[in-house]
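Shown next, in structure tokens, is the structure this report addresses.
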Amino acid sequence: MPLRGIVREQSEIREGSENCSRKVREGVQMRHLGKSHIVPEQPSSSSFPVPIEQSRWASLPPELLLDIIQRVEASETSWPSRRDVVACASVCRSWRMITKEVVRTPEQCGWITFPISLKQPGPRDTPIQCFIKRERATSTFRLYLGLSPALSGNLSKLLLTAKRFRRAMSTEFIVSLVPDDFSRASNNYIGKLRSNFLGTKFSIYDSQPPHDPKLPTSRSKRRIHLKQVSPSKTPTNYTVAAVAYELNVLRTRGPRRMRCTMHSIPVAAVEEGGTAPTPTEFKDCINEHHSSTSICEGKKPVIECPKPQESMAPLVLKNKAPRWHEQLQCWCLNFKGRVTVASVKNFQLVAAVETSENVSAAEQERVILQFGKIGKDIFTMDYRYPLSAFQAFAICLSSFDTKPACE
């Protein structure tokens, strides 16, 4: 039976279980109809277990199941056909565990499969090519996996969505897994980007704690009022990076100058034999720091958001210096055909390392992240190790904010 038949069978089992649960709930409501107008609480999922593990597909020998998933994973190397790999992980618990063991990280295989892949470093050799579509009317920015809208068309895979919120003293970009949910108390919340008043300095916050256990957490001055979110879900943000744009006091011509300090990535990651932090799963840290909530009399309760301490030298990224083209009369960078429209937003980032650090000259010239314009409201974004898709997307979002003092 093909994979679609397997998934179809599991869907029918789920629908049958849901219908059974619905009938039980309706019976409970009818018994209490004359006593109260309050709808009884929904029964927990544990009261009506879904009999997925009893299906014939759950009882396959582990050796045979491993061979099946390996074949599927090796044959489907691009979206949308790679959704078959995700379908294997949704069959049952045993399929999910083996699929997680078979599927490798983007650093190892160069493919994005599960949502956690967006928090893992990209490949070392060839960059992952994406593009960003800006919607001015709704102030949203969507990150797609693919070369460009013209080449990928409807086959483009939506990775992340960000929405800009202008505050009185700052601007925030909320990053989500879906295009219609930007609540920080939601499970779709990935992180955010926050600017200062002038739009020259940005902080990147991650919803997940640093993966490296050597990076302890401390309290930052950034606070979130509890009235902004659900009382039962308290979001915790971790500062993972900072982006700073240099002020253009003399109003000289040229691209913007920026430096990115990656607090969650040590500079040793780009050294020979170095590794970058690679999370393997999303942690439920909504209420992890609920006990640290400080409540003062006469004041609203607030939560202080921890951020990593700089216990080790962080990786710093800088602009790759452009060259002045006499014939074109503009600053030029070699984007290898990925950027076609001149813009002050275009940039390439390389590692800024000291001479005392063990980083080769070739690694210092290697472009880690490049971003540029190819059409109206269409931009390309190519990233590689040690950045993740979320970190690269957040850095590129900082280029969309207004910066009159930097141009």
Side-chain angles (χ1 to χ4, degrees), residues 77-79 82 105-113 117-134 141-153 155-162 173 175 190 193 204 241 243 255-256 258-260 262 265 269-270 276 278 315-323 331-352 362-400:
T77 59
S78 61
W79 288 90
R82 196 156 177 81
T105 64
E107 179 185 355
Q108 298 169 335
C109 65
W111 305 328
I112 293 179
T113 307
S117 302
L118 303 174
K119 295 292 186 74
Q120 297 173 340
R124 292 177 180 263
D125 299 328
T126 58
I128 293 181
Q129 297 177 325
C130 312
F131 65 89
I132 299 174
K133 294 183 65 175
R134 174 176 59 181
F141 306 84
R142 299 188 179 186
L143 176 66
Y144 293 89
L145 179 65
L147 297 176
S148 66
L151 298 177
S152 302
L155 300 180
S156 303
K157 169 63 177 176
L158 177 64
L159 300 180
L160 293 170
T161 306
F173 293 82
V175 184
I190 291 295
L193 175 76
I204 300 176
V243 183
R256 299 169 178 168
M258 59 187 296
R259 292 180 71 89
C260 304
M262 312 303 299
I265 304 177
V270 296
T278 305
L315 174 66
V316 178
L317 305 178
K318 65 176 181 179
N319 283 87
K320 188 173 183 179
R323 60 180 181 87
W331 296 95
C332 295
L333 284 170
N334 184 13
F335 288 94
K336 298 182 179 180
R338 290 284 290 157
V339 177
T340 57
V341 180
S343 173
V344 294
K345 295 181 174 65
N346 303 346
F347 64 81
Q348 288 182 333
L349 296 183
V350 297
E363 188 66 30
Q364 296 181 29
E365 293 296 325
R366 187 189 299 269
V367 177
I368 297 178
L369 171 64
Q370 74 173 17
F371 171 79
K373 191 174 183 179
I374 60 174
K376 184 178 180 180
D377 297 327
I378 303 295
F379 303 82
T380 59
M381 186 196 86
D382 302 340
Y383 76 96
R384 69 169 77 232
Y385 175 91
L387 291 183
S388 65
F390 163 69
Q391 294 168 344
F393 185 43
I395 294 174
C396 294
L397 287 175
S398 67
S399 184
F400 289 106

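Numbers here are sequence positions counted from 1.
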| field | Shortest non-hydrogen contact between Pro106 and Gln120, atoms and distance | value |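 Result for this residue pair: CD-OE1, 3.0 Å.
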| request: Specify the closest pair of heavy atoms between Arg124 and Ala269, including all atoms of both residues, with the distance to one decimal. | output: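 Scanning both residues, the minimum pair turns out to be NH1-O, 4.5 Å.
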Just verifying a value: how many Å separate [X] [atom1] and [Y] [atom2], rounded to the nearest 0.5 Å?
| X | Y | atom1 | atom2 | answer |
| --- | --- | --- | --- | --- |
| Leu317 | Ile368 | CG | CD1 | 5.0 Å |
| Gln129 | Ser148 | CD | OG | 9.5 Å |
| Leu143 | Leu158 | CG | CG | 8.0 Å |
| Lys320 | Gln364 | NZ | CD | 12.0 Å |
| Met262 | Leu387 | CE | CG | 5.0 Å |
| Ile378 | Arg134 | CD1 | CZ | 9.5 Å |

State whether the side chain of [X] and the backbone N or O of [Y] hold a donor-acceptor pair below 3.5 Å, judged by distance alone.
| X | Y | answer |
| --- | --- | --- |
| Ser343 | Lys373 | no |
| Asn319 | Met258 | yes |
| Tyr385 | Ala276 | yes |
| Asn346 | Val341 | yes |
| Trp79 | Ile112 | yes |
| Gln348 | Asn334 | yes |
| Arg384 | Asp125 | yes |

| request: Could you go through the ring pair (Phe, Tyr, Trp, His ring centres under 6.0 Å) check for Phe371 and Phe400 one step at a time? | output: CA-CA 11 Å; Phe371 171 79; Phe400 289 106; 5.6 Å; yes
Does [X] reach the side chain of [Y], with side-chain heavy atoms less than 4.5 Å apart?
| X | Y | answer |
| --- | --- | --- |
| Lys318 | Val350 | yes |
| Leu145 | Ile128 | yes |
| Cys396 | Phe347 | yes |
| Pro121 | Thr105 | no |
| Val339 | Leu333 | no |
| Ile395 | Leu369 | yes |
| Leu147 | Arg338 | yes |
| Ser398 | Ile204 | no |

| query | Which of these, Phe393, Tyr144, Phe141, sits in a side-chain contact (heavy atoms from CB on, under 4.5 Å) with Leu160? | reply |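 Exactly one option meets the side-chain contact (heavy atoms from CB on, under 4.5 Å) with Leu160, and it is Phe393.
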